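Okay, structure first, notes after.
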There are 2 protein chains.
Amino acid sequence: MDSALEPPVLRIDGDRLWSDLMELARIGAYEDEPTGLWGVNRQSPTDEDAAGRRLVVGWMEAAGLEVSIDPMGSIFGRRPGRRDDLAPVMAGSHIDSVGTAGAFDGCLGVLSGIEAVRTLNDSGIVTERPIVIAASTEEEGVRFGTDMLGSAVAAGRIELATAHGLTDAEGRAFGDELRRIGFAGKGPALLDPPHAYVECHIEQGPVLQHSGAALGVVTGVQAISWQRVTIHGRAAHAGTTPTQLRADAGLAAAQIVVKVREMVDSGRFGRLRGTVGCLSAHPGLPSVVPDCAELTVDLRNPDDQDVEAAERELAGFLDSLPSSQPGLGVETARMARTSPVPFSADIQDTIEKAAADLGHAAPRLMSGAGHDAQEIAALAPTAMVFVRGQYDGISHSPREYSTPEDCAAGASTLLNTIARLAQEGTR
Amino acid sequence: MDSALEPPVLRIDGDRLWSDLMELARIGAYEDEPTGLWGVNRQSPTDEDAAGRRLVVGWMEAAGLEVSIDPMGSIFGRRPGRRDDLAPVMAGSHIDSVGTAGAFDGCLGVLSGIEAVRTLNDSGIVTERPIVIAASTEEEGVRFGTDMLGSAVAAGRIELATAHGLTDAEGRAFGDELRRIGFAGKGPALLDPPHAYVECHIEQGPVLQHSGAALGVVTGVQAISWQRVTIHGRAAHAGTTPTQLRADAGLAAAQIVVKVREMVDSGRFGRLRGTVGCLSAHPGLPSVVPDCAELTVDLRNPDDQDVEAAERELAGFLDSLPSSQPGLGVETARMARTSPVPFSADIQDTIEKAAADLGHAAPRLMSGAGHDAQEIAALAPTAMVFVRGQYDGISHSPREYSTPEDCAAGASTLLNTIARLAQEGTR
């Protein structure tokens, strides 16, 4: 690349970004009694979500972006480039939230993108490729049960009609709700593949804080495997029933929890993470041996073969349980399974350099959670920059917090990354 | 003992006993939808319990017993003996039930006693000592939270005023309820120690069925230790949080469940039985590491030193948990603790012989559950005869069932036992 065309190291306006984050966080705000903090409940597509969308559209338009809404309600703001015939560089995330959210999850990425555009405007810079800032619909999947819904349709993994037909707990359909808030757009459901996609997002974990780094370069998203296990035993009196005559469903559940941890600790399954989030025994009386127990097993691994091996090991363990407690029955049901999504090595390098230019040594790390980026990666080279979260990166909680400085560092890194990418392949 | 005075081997009228059992079971009966069976809900002191009491009092009076009610509402029916100055032989149990009961729990013992008296009447036998048939109040402890309440007051372990002041979930006091149903009797709260106390009761366990025996001689009641354990951890994202940074309350709970079973299996604590009946992790979301878990530990052992040693081992294990997961907190609260109650060896022998005279080889076994007999044992030599229950002795369920033949065998054994005891120490 001709160094004369290499963009200067740009910095966004941190105060302006922070002001936007706080203003958007007032939409859907509620007072969280246990913590005394303000949380955010802006699930899509509620009226609060609609208000948030209108606010963001207004900011996009004020920044000179041409706004379009797709049939899933995802919002796109386009900044022309010198070569409008070329595929754009896209930066985005989501502005819908979980029910007990903070101000940063998803919003940081969208508002960083808008702030990046404002900075380019302020600097009088015209990029070669167009730049598109995107806010994808229903990333959290709380109401309709499927996360990354908007980006999954855009990437062609889920049909538009299927997504529109999903219903919430009250039986309302996603498509109807989208129309109700006035965000059912026109045009194709499939996204025209961008040249590149970059997402700035809070880490939602403790690694950057423990590493003393404000930013991280994300290598990809782990495979996720969720299953529900139900164990049937025999209710029995705790006092009168000899141990060898029991089929204790709670004991079997406990043995599974301990087994999952042993599998993680063994090192035989690479960088496996395993979690039993749901665990309960029934009937739940102190003097009754449980006749039923339920649990969920969440396995994560950056390597698909390792997670498959872990699934097989666990399945074998479940099969073995009745032999130690005759009469026990074990059922499993797969709840979700996604393969690992590696991110573009080139874009990772670009992010790392952009961070370094701003004075940040950004370590590489994996994403433990799902993001819109993992869907868009099916269409275009993709990567993410993580921003450190305080309090071990707690998220999905009013306690979620990243400092104004760290947010600004992430947004500036995003800016310089997309500016550089917007010059690629144009000679 | 002069063989001329040894009572003949008597047999009760099994049809008459069965008819009584079925008639009493119609009071407080309800249709249990899952099983299609009739269950019994005759908790004390409800109106249903009052109706059951009046029925039993009527039977006692028709059998010629002089009925008295004590200040706890316990019912006593007295049959004179040739030597009314001597302490009586008492046989009894309870007629109150849990909310989802069968026809036999407690009722078998009281109705067997009345049937025994009828048989003595029909045989024209006058015993040396008086015989008293007792139905103790509030054995189940469902409404007011303390089981064996009537017999505990009678034995002096609980004060009358304390018992009368216990309240149910709606805030109603036991004493008020007893007065409301017209069964607050007069006289001393403490029971005059009988010469002996014998209780016939269903086993509520699987041992007799698995042994192929209709009857069992009960050696005593195990020690019972109940504690509630609450574990505090740190909520964290299942995907983004490295394993070594977790304080997983659910994992710790599972480790405790597995430890309790290891303690039982190790043999280091004698004939320990251990049960975790309640087990739950919170917040109970598949992708969130649990920050709180609760469980109950029920330990039983016929030997007090063994159960104390088990409690100490468990306490040491609980103390060790935070070392493997820094940040974990573990609290325990003792819910209940009773010492073992051994039964009279002589009365056990008498029961064994009575059963043998009827053609039953009755093995010795321990009681895993609490009974009025364990309270009365503080006042007088006491033992119990168990009757086999079908379906592994399931109890506290409409499926509770003992055959007419087994019930009759238990009642006849009770009859011959109390007849023999009623001749003791009279020369």
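Just so you know, these numbers come straight off a predicted model, no measurement behind them. Worth knowing before you read on, the calculation uses all heavy atoms, side chains too, and leaves out hydrogens, waters and symmetry mates.
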| message | How long is the straight-line distance from CG of B:L279 back to CG of A:L279, given to the nearest 0.5 Å? | response | 4.5 Å
| note | Greatest number of non-hydrogen atom pairs under 4.5 angstrom with chain A, of B:V289, B:L245, B:L299, B:I256, falls to B:L245
| field | Under 4.5 Å from any heavy atom of chain B - which part of A:M335 | value | side chain
| said: I need the minimum non-hydrogen distance between A:G250 and B:V257, along with the two atoms involved. | reply: O-CG1, 4.2 Å
| note | Heaviest contributor of heavy-atom pairs below 4.5 Å to chain A, chosen from B:P286, B:G205, B:A238, is B:P286
| How close do A:V258 and B:L251 get, heavy atom to heavy atom, and via which atoms? | CA-CD1, 4.4 Å
| said: Is B:Q255 in contact with chain A via its backbone, its side chain, both, or neither, using a 4.5 Å heavy-atom distance? | reply: both
| task | Could you list which of residues 290-297 of chain B have a heavy atom closer than 4.5 Å to any heavy atom of chain A, in residue-number order? | result | B:P290, B:T296
| said: I need the minimum non-hydrogen distance between B:T243 and A:D265, along with the two atoms involved. | reply: CG2-OD1, 4.4 Å
| Is the side chain of A:T240 donor-acceptor paired with the backbone N or O of B:Q204 at a distance under 3.5 Å, no angle test? | yes
| request: Could you check which of A:V207, A:T241, A:L365 has the highest count of heavy-atom pairs closer than 4.5 Å to chain B? | output: A:T241
| field | Most chain A-contacting option - heavy-atom pairs closer than 4.5 Å, from B:S397, B:G284, B:S367 | value | B:G284
| task | Taking all non-hydrogen atoms of both residues into account, name the closest pair between A:S287 and B:R300 and its distance. | result | CB-NH2, 3.6 Å
| Which of the residues B:H237, B:R234, B:Q222 is involved in the greatest number of heavy-atom pairs with chain A at under 4.5 angstrom? | B:H237
| query | chain A: which of B:S280, B:P206, B:A253, B:A235 shares the most heavy-atom pairs with it under 4.5 Å? | reply | B:P206
Name each donor-acceptor pair under 3.5 Å that joins a side chain in residues 267-278 of chain B to protein atoms two or more places apart or in another chain, with its distance.
| unit_1 | atom_1 | unit_2 | atom_2 | d |
| --- | --- | --- | --- | --- |
| B:R268 | NH2 | B:E313 | OE2 | 3.4 |
| B:R273 | NH1 | A:G239 | O | 2.5 |
| B:T275 | OG1 | A:R246 | NH1 | 2.6 |

| field | Interatomic spacing from CG in B:L285 to CG in A:D298 - rounded to 0.5 Å | value | 11.5 Å
| How about B:E33: does its CD atom have over 12 heavy atoms from other parts shown lying under 6.0 Å from it? | no
| message | If I measure from the heavy atoms of chain B, does A:V288 come under 4.5 Å with its side chain, its backbone, both, or neither? | response | backbone
| message | So for A:H210, is it side chain, backbone, both, or neither that comes closer than 4.5 Å to the heavy atoms of chain B? | response | side chain
